[in-house]
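We use all heavy atoms of the structure for the numbers below, so side chains are in, but hydrogens, waters and symmetry mates are not.
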Amino acid sequence: MAKQDQLLTYIGVFLRGLLMGAADIVPGVSGGTMAFITGIYDRLLAAIKSFDLALLRLLLRARFAAAWKHVDALFLVALLLGIATSMLSLARLVSWLLESHPVPLWAFFFGLILASALVLLKQVGQWTAQRIVALLLGISVALAIALSPAIGLGGGMTSVFFAGFIAICAMILPGISGSFILVLLGMYAPVLMALRSLDLLFILVFATGAASGLMCFSRLLHYLLEKFHSATMALLTGFLFGSLLVVWPWKRVESWIRASDGEMKPVQQFPVMPAEYLQISGENPQLLLCIAVALLGALAVWLIDRRWGESPAQQS
C-alpha cells in the first residue's frame, strides 16, 4: 500500500510538472506560479538548495543512493518529466492559441492567477502590519516590472551571464516570467537566436549564469520561507496580484521588438477596457467568452486547491 501511495504522489508531481511546463510556454506567465499554487513550491526550493557541498562529498565517496535521496531526485525527475512532456506536447497548441485566440487565452490565465492569489491569501494566516507591507511590496515590484521599458544590456559574455542569472531568478518567482525579463533586458531575441543556431559558447555562458542564479536565489527564498514564512507568502502573493497587469486580456501595444525569426513582437503593453480595445484594434473583445474562460481558470484553481491546497495550520 505504501508503494501505491508513493506512486500516486509522484504521479501528482508529474501532473504539477505538466502545469508548470504549460505556463512556461506562455510569455508573461511563470512556471513558478504553478508550483506555488499546487503546493510544491517549498519542496522545489529545498530540492534545488540540496545541490551543495554535502552532495559533492557524497558523490566523491561513491554514496550514490544517499546522494539520490539527498537531492529528492525522484521528485525532481517526476517534475522535470512533466515539464518536458508539457512543453513538447503543448508548445504548438499554446503557440497557436497565442497567435489565433490571444485574448481568450490571456483571460483564462487572468482568472487562474486572480483565483490563485485569493486562495493563497489564506496561507498568510493572521494579518499584521509587516505582512500587509510585504503584500504591497510584492504588488509594487510586479507592477514596476510589468510597466518597465525594455533596456539593452549591451554585448559581451558578461551581459549574457547576467541575463541568465536574472532570468532564472524571475522564473522561480510566482507571477514573474523569466522570458518577460529577457525581453526587458533586450536578450530575448539573442537567446532564441543562439538556441536556434546552437551557439555553444553563448548557451554555456547563459546556462552558467542561470545555474548560479538558481543556486543563490533558491537558497535565499528557502531561508525566507523557513524563517519568515507568512511574510514571505504575503510577498509572493503580492507578486501574483501585481502580475495580473501582464495577463490582462485587452492591451494597447506601446513598443515592439524584432524576434529571431524577423517578426515584430510586442514588448510594452498597457491594459485597456474592452470598449477601448475595440476602438484601437478594431477586433471583437469577446467579452462573454473571456468571462467564461476566466471563470474556467478560477474553477481549475479551486479544484487544484481542493486536491493539493494547504491550510494555514499545515504551514510550518
Side-chain angles (χ1 to χ4, degrees), residues 1-26 29-94 116 164-165 167-174 177-179 195 203-204 206-223 225-226 236 300 303-305 307-310 314 316:
M1 191 66 181
K3 287 186 177 180
Q4 184 179 1
D5 290 342
Q6 189 178 42
L7 177 61
L8 290 174
T9 296
Y10 289 113
I11 289 175
V13 173
F14 175 82
L15 293 175
R16 290 167 169 92
L18 289 177
L19 293 173
M20 289 180 66
D24 278 326
I25 294 168
V26 181
V29 182
S30 167
T33 301
M34 295 297 106
F36 197 48
I37 68 177
T38 56
I40 60 168
Y41 196 68
D42 290 25
R43 186 174 180 180
L44 177 59
L45 291 179
I48 295 170
K49 175 179 172 288
S50 65
F51 285 82
D52 52 14
L53 291 176
L55 172 64
L56 182 60
R57 285 193 291 268
L58 289 172
L59 292 174
L60 290 175
R61 295 171 184 171
R63 296 180 58 189
F64 300 119
W68 180 268
K69 185 176 180 180
H70 178 75
V71 298
D72 201 359
L74 279 176
F75 166 78
L76 288 177
V77 169
L79 190 67
L80 291 173
L81 280 175
I83 292 172
T85 301
S86 183
M87 286 186 163
L88 291 173
S89 59
L90 295 179
R92 289 187 179 181
L93 173 61
V94 173
S116 301
F165 190 99
I168 199 68
C169 292
M171 198 168 289
I172 62 174
L173 279 174
S177 164
S179 58
L195 290 172
I203 294 170
L204 178 62
F206 184 84
T208 303
S212 302
L214 192 61
M215 292 299 103
C216 296
F217 200 60
S218 63
R219 281 164 170 74
L220 173 61
L221 277 178
H222 189 262
Y223 171 80
L225 283 167
E226 274 194 332
L236 297 177
L303 292 173
I304 289 169
D305 183 57
R307 175 62 182 86
W308 290 312
E310 295 179 354
Q314 292 173 289
S316 57

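Residues D72 and A47 share a closest heavy-atom pair of CB-CB, 4.3 Å. Nearest heavy atoms, S50 versus V71: OG-CA, 3.1 Å. Taking both residues in full, the closest heavy atoms of S86 and G21 are given as OG-C, 3.5 Å, listed atom of the first, atom of the second, then distance.
By the 4.5 Å heavy-atom criterion applied to side chains, R16 and L44 are not counted as neighbours. Using a 4.5 Å cut-off on side-chain heavy atoms (C-beta onward), H222 and I48 make no contact. You'll find the side chain of L56 reaches within 4.5 Å of the side chain of L60, heavy atoms only.
Here the CG-OG distance, from L225 to S218, works out to 11.0 Å after rounding to the nearest 0.5 Å. Once rounded to the nearest 0.5 Å, the distance linking NE2 of H70 with CZ of F51 reads 8.5 Å. Taken to the nearest 0.5 Å, the OH atom of Y223 stands 15.0 Å off from the CG atom of L45. Rounding to the nearest 0.5 Å places CG of L214 at 9.0 Å from CZ of R219.
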Would you give me the side-chain donor-acceptor pairs under 3.5 Å for residues 74-84, sequence neighbours excluded?
none

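Residues satisfying the ring pair (Phe, Tyr, Trp, His ring centres under 6.0 Å) test with F14, not counting sequence neighbours, are none.
The 12-atom threshold is not exceeded at CZ of R63, counting heavy atoms of other residues, nucleotides or ligands nearer than 6.0 Å.
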